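Counting starts at 1 for both ligands and their atoms, in listed order. Treat the numbers as computed from the prediction; the structure is a model and nothing was measured.
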Amino acid sequence: MRIVLLGAPGSGKGTQAQRLQTKYGVPQVSSGDLLRDAVARQTELGIKAKAAMEAGQLVSDDIVLGLIRERLTRDDAKNGFILDGFPRNSDQAGALAKLLNDIGQPLEAVLLMDVRTKTLIGRLAGRRVCRACGAVHALSQLPSPDAPCTKCGGELYQRSDDKEEVIAKRLDVYQSQTKPLIDHYQKLGMLRVVKGEGTLEQITARMEAALAPAEAAAKPAKSAAVRKQAAKKTSRKATKKKAAKKVVKKAAKKAGKKLVKKAAKKAAKKSAKKVARKSAGKVTKKVAKKSTKKPAKKAGKKSAGKSGKKANKKAKKASKKK
Ligand code: AMP
């Protein structure tokens, strides 16, 4: 989730960014908070930025850009960020695009918090901030004007640039320098307009709905990467399977050949035996036939001889009688 929250001072960017960071698990990166922190620590940048902030003017681009660059390259912003209050003019938008391109984290969406000027003024003038935990409260929601923070009991104060005379200046700066960014991001097809009035929950729900397409677009991208990896894995598996199949086929062929050879040998032996047996059978039959025929002929010849002799004898006897 890499988004920018765009909107006038008092449009609720900071409050909603805090709620969204919990849901999406990415940090809120607020240029105003980074500057206020630098001012409080009295760093070189902070000292330079202080006067412009108190006057409701924009701090110079190079100071803000340096802080943003350092913040976005920290570890916790690797999975995304919610930019709140940056960019605030077209030069900053150009520098942001370049920076995000350099770190390979392009912007996914820009949410514009749409709030009427009358509501903005009322919110800014009644804003109270906790010195201890930074929670933002609306004066109208506190039990009494000097009540402590309802979250941690810390002391509440009014930001110096939330004083009426500065509020007007800040709204002017928004109109002249920041509002043109609406057109810029609209042309890029990144802008989503969210109605920023109603209860906190209603506004958060609208923002989540506006972010749903960006979230959905990020998910298939993720699963496409996962799908690619899975496809690689299965193709690797398939190659392994193919190779294994080849080995098995080769082994089977070899074994088959052996079996076939064995079977052929066996069959050859069998048929040889059969042939041998058959021919042996034929031979014995022939021999048997022959042997049965011979004695018969012999006997025939013998008996024929005997009866011939007998007849001769009878004939001889008869001629003697005559
Ligand atoms: P904010 O808390 O966002 O309302 O910012 C408070 C003040 O910090 C602004 O009125 C500016 O003076 C300064 N500031 C915050 N963000 C930027 C920025 N992106 N560029 C220049 N000045 C900024």
Side-chain angles (χ1 to χ4, degrees), residues 3-18 20-21 27-72 77 81-100 107 110-113 115 117 119-131 133-138 157-182 184-185 196:
I3 58 168
V4 161
L5 299 190
L6 200 61
S11 60
K13 301 186 299 290
T15 308
Q16 290 299 330
Q18 276 174 13
L20 293 180
Q21 69 175 353
Q28 166 198 21
V29 175
S30 154
S31 49
D33 283 350
L34 292 172
L35 285 164
R36 273 185 289 279
D37 178 62
V39 171
R41 288 189 292 115
Q42 297 190 320
T43 64
E44 207 187 315
L45 291 183
I47 292 165
K48 278 186 188 166
K50 196 172 181 239
M53 290 174 76
E54 282 178 348
Q57 302 278 7
L58 290 187
V59 173
S60 73
D61 290 348
D62 53 327
I63 291 179
V64 186
L65 252 167
L67 290 170
I68 290 287
R69 187 178 294 117
E70 190 277 324
R71 182 65 189 88
L72 289 184
F81 45 79
I82 301 166
L83 273 169
D84 154 21
F86 184 90
R88 249 176 160 102
N89 61 33
S90 48
D91 283 349
Q92 288 183 10
L96 176 67
K98 190 181 174 315
L99 167 65
L100 295 183
L107 215 53
V110 175
L111 260 58
L112 170 68
M113 313 289 291
V115 178
T117 310
T119 313
L120 293 173
I121 296 169
R123 279 186 190 169
L124 289 170
R127 179 158 67 183
R128 297 294 181 268
V129 185
C130 176
R131 272 193 210 286
C133 71
V136 176
H137 298 276
Y157 76 102
Q158 183 179 31
R159 268 169 53 174
S160 59
D161 58 352
D162 279 346
K163 304 256 163 70
E164 253 174 69
E165 52 291 8
V166 188
I167 289 173
K169 181 72 203 159
R170 289 166 69 197
L171 291 177
D172 269 0
V173 168
Y174 173 76
Q175 286 291 331
S176 61
Q177 302 198 46
T178 313
K179 222 174 170 186
L181 294 184
I182 297 176
H184 170 74
Y185 286 119

- Message: Could you go through Val110 and Ile3, starting from their C-alpha distance and side-chain angles, then the distance that decides it, and tell me whether this counts as side-chain contact (heavy atoms from CB on, under 4.5 Å)?
- Response: CA-CA 6 Å; Val110 175; Ile3 58 168; over 6 Å; no
Closest protein heavy atom (residue, atom, distance) for [atom]:
| atom | answer |
| --- | --- |
| atom 23 (C) of ligand 1 | Leu35 CD1, 3.7 Å |
| atom 8 (O) of ligand 1 | Met53 CE, 3.6 Å |
| atom 20 (N) of ligand 1 | Gln92 NE2, 2.9 Å |
| atom 22 (N) of ligand 1 | Val59 N, 3.0 Å |
| atom 11 (C) of ligand 1 | Gln57 O, 3.4 Å |
| atom 10 (O) of ligand 1 | Arg170 NE, 4.0 Å |
| atom 15 (C) of ligand 1 | Arg88 NH1, 3.4 Å |

Which heavy atom of [X] sits nearest to which heavy atom of [Y], and what is that distance?
| X | Y | result |
| --- | --- | --- |
| Ile82 | Gln21 | CD1-N, 3.6 Å |
| Val59 | Met53 | CG2-CG, 3.6 Å |
| Phe81 | Val29 | CB-CG2, 4.2 Å |
| Ser11 | Val115 | O-CG2, 3.8 Å |
| Asp84 | Ala17 | CB-CB, 4.4 Å |

- Item | Under 4.0 Å to a heavy atom of Asp161 - the qualifying atoms of ligand 1, by number |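 Near Asp161, meaning under 4.0 Å from one of its heavy atoms, ligand 1 has 6 (C).
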- Task: Using a strict cut-off of 4.0 Å, indicate which atoms of ligand 1 neighbour a heavy atom of Arg159.
- Result: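 That gives atoms 1 (P), 2 (O), 4 (O), 6 (C) of ligand 1.
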- Item | Ser31 side chain reached by Leu67 side chain, heavy atoms, under 4.5 Å |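 Heavy-atom side-chain distance check fails, nothing below 4.5 Å.
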- Item | Check ion pair Lys169-Asp172 (N to O, under 4.0 angstrom) |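 A salt bridge is absent here (no side-chain N lies under 4.0 Å from a carboxylate O).
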Can an N or O of [X] be found at a distance shorter than 3.5 Å from an N or O of ligand 1?
| X | result |
| --- | --- |
| Ser31 | yes |
| Gly56 | no |
| Phe86 | no |

- Among Arg36, Gln177, Lys50, which residue places a heavy atom closest to atom 6 (C) of ligand 1?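 Nearest heavy atom to atom 6 (C) of ligand 1 lies in Arg36.
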- Please assess Asp162 against Arg128 for the test salt bridge (charged side-chain N to carboxylate O under 4.0 Å, His left out), listing each intermediate value before the final yes or no. CA-CA 9 Å; Asp162 279 346; Arg128 297 294 181 268; over 6 Å; no
